[in-house]
Each structure stands twice: as structure tokens, then as C-alpha cells.
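Position 1 is the first residue of the sequence, and the numbers go up from there.
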Amino acid sequence: MHTNGQDPKIQRMDIFNIRFYEKSQFHGSFRGMHYRIEKITDEKEEKKLRVTTWPGPYNFDHTDSSLKETALFAFSNEGLDAVADYLNQYHSDHFPSGRS
């Protein structure tokens, strides 16, 4: 997370390059919001990025499924740009300001 004198937010560089997701998942958190980014293969056998968000403090495995929300994005670096935008908007919409 970088601020550059502005409100802190998740930056694109914080969520790595698309090659990372060929073999790994990414787990992160930001001011009370937890998230997981992973590669999936959809019903058309196309690779996608699945982003799952949930409120803290618990990790993915210890959080009730009803508290998790998912979104799909293109499996590309451009898709990761959209993921960063989505996470920032999701946080803004679902978490009170100042929550850490």
C-alpha cells in the first residue's frame, strides 16, 4: 500500500504480476477488508482471476461463507488493473472510513 500524500489505497503494484497467479494465490488485507486473488478455470475452460473479499479479523478458512463476496476478472495484467480498482471501490463501499 502506497500513499503518495493521498488517501491510502491498494496499488496495482501491491498485487504482483499475472505470472504469480499461474502457481499461487495471493492473500491480502486492507483496513479491515481481507481478500484473496486466485486463478480459476471457468466452465468454458478459460482462465480467470477470482477475487474473494470478506471482513476481518479471520482468515478465509475461518470466515463463514455468507460473509464472502466474489468477482471475476480477465486473467491478464489488465485484469489485475481492474482487480485493484475493484478492491478499492469495494472497500470504499463496504467499510467505514478510518477502520484499520
Side-chain angles (χ1 to χ4, degrees):
M1 175 185 64
H2 302 280
T3 60
N4 298 331
Q6 302 172 0
D7 287 335
K9 64 181 185 175
I10 298 167
Q11 300 292 320
R12 169 60 182 84
M13 69 179 78
D14 296 331
I15 56 174
F16 303 128
N17 185 287
I18 196 65
R19 290 179 299 213
F20 175 87
Y21 297 96
E22 284 291 348
K23 296 183 179 186
S24 299
Q25 299 175 351
F26 180 82
H27 294 256
S29 63
F30 178 74
R31 296 183 153 198
M33 176 184 76
H34 290 246
Y35 58 94
R36 179 171 82 174
I37 306 168
E38 63 189 321
K39 177 182 81 170
I40 64 160
T41 304
D42 69 11
E43 62 278 350
K44 296 178 185 176
E45 298 298 315
E46 293 179 19
K47 291 190 283 187
K48 300 280 186 183
L49 288 166
R50 178 169 55 197
V51 178
T52 306
T53 54
W54 67 94
Y58 302 112
N59 69 20
F60 184 86
D61 293 331
H62 292 98
T63 299
D64 189 274
S65 296
S66 68
L67 298 175
K68 298 174 188 173
E69 293 191 36
T70 61
L72 297 176
F73 298 88
F75 190 81
S76 64
N77 279 313
E78 293 79 14
L80 284 169
D81 293 341
V83 167
D85 291 341
Y86 168 80
L87 289 171
N88 285 308
Q89 187 62 53
Y90 186 91
H91 185 271
S92 177
D93 291 346
H94 294 90
F95 291 82
S97 62
R99 183 173 178 186
S100 53

**Q** Give, for atom CD1 of Ile15 and atom CZ of Phe26, the distance between the pair rounded to the nearest 0.5 Å.
**A**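 Rounded to the nearest 0.5 Å, the CD1-CZ separation comes to 7.5 Å.
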**Q** Ignoring hydrogens and geometry, is there a side-chain-to-backbone donor-acceptor pair from Ser92 to Asn88 under 3.5 Å?
**A** no
**Q** Any donor-acceptor pair under 3.5 Å linking the side-chain atoms of Asp85 with those of Gln89?
**A** no
**Q** Which residues satisfy the salt bridge (charged side-chain N to carboxylate O under 4.0 Å, His left out) test with Asp42, sequence neighbours excluded?
**A**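 If we apply the salt bridge (charged side-chain N to carboxylate O under 4.0 Å, His left out) test to Asp42, skipping adjacent residues, there are no hits.
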**Q** Tracing side-chain links under 4.5 Å among I, L, V, M, F, W and Y, which residues wind up in one group with Phe60?
**A** Trp54
**Q** Go through the steps to decide whether Leu49 and Tyr21 satisfy the test side chain to side chain contact (heavy atoms under 4.5 Å, CB included), and finish with yes or no.
**A** CA-CA 8 Å; Leu49 288 166; Tyr21 297 96; 4.1 Å; yes
**Q** Are His27 and Tyr35 an aromatic pair, judged by ring center distance below 6.0 Å?
**A** no
**Q** Which is it for Asn77 and Arg12 under the side chain to side chain contact (heavy atoms under 4.5 Å, CB included) test, yes or no, and what are the steps along the way?
**A** CA-CA 9 Å; Asn77 279 313; Arg12 169 60 182 84; 2.9 Å; yes
**Q** What's the spacing between Lys48 NZ and Ser76 OG if we round to 0.5 Å?
**A**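 Interatomic distance, Lys48 NZ to Ser76 OG, rounded to 0.5 Å: 9.5 Å.
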**Q** Side chains of Thr70 and Thr53: does their closest heavy-atom pair fall under 4.5 Å?
**A**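 A side-chain contact under 4.5 Å is absent here.
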**Q** So which atom in His34 and which in Pro55 form the shortest heavy-atom distance, rounded to 0.1 Å?
**A** CD2-C, 4.1 Å
**Q** So, using salt bridge (charged side-chain N to carboxylate O under 4.0 Å, His left out) as the criterion, who are the partners of Lys68 when residues are at least two apart?
**A** none
**Q** Same cluster for Ile10 and Phe20 if Ile/Leu/Val/Met/Phe/Trp/Tyr side chains link at under 4.5 Å?
**A** yes
**Q** Walk me through it: do Arg50 and Lys39 pass the test side chain to side chain contact (heavy atoms under 4.5 Å, CB included)?
**A** CA-CA 6 Å; Arg50 178 169 55 197; Lys39 177 182 81 170; over 6 Å; no
**Q** When rounded to the nearest 0.5 angstrom, what is the spacing between OG1 in Thr63 and CZ in Arg36?
**A**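 These two atoms lie 11.0 Å from each other.
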**Q** On a heavy-atom basis, which atom in Ala82 and which in Phe73 lie closest, and how many Å separate them?
**A** CB-CD2, 3.8 Å
**Q** Minimum heavy-atom separation for Ile37 and Leu87, please, with both atom names.
**A**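 Where Ile37 meets Leu87 most closely, the heavy atoms are CD1-CD1, 4.4 Å.
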**Q** Which pair of non-hydrogen atoms, one from Tyr90 and one from Met33, has the smallest distance, and what is that distance?
**A**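 Distance-wise, the nearest heavy atoms are CD2-SD, 3.6 Å.
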**Q** Can you hop from Phe16 to Val51 via hydrophobic side chains spaced under 4.5 Å?
**A** yes
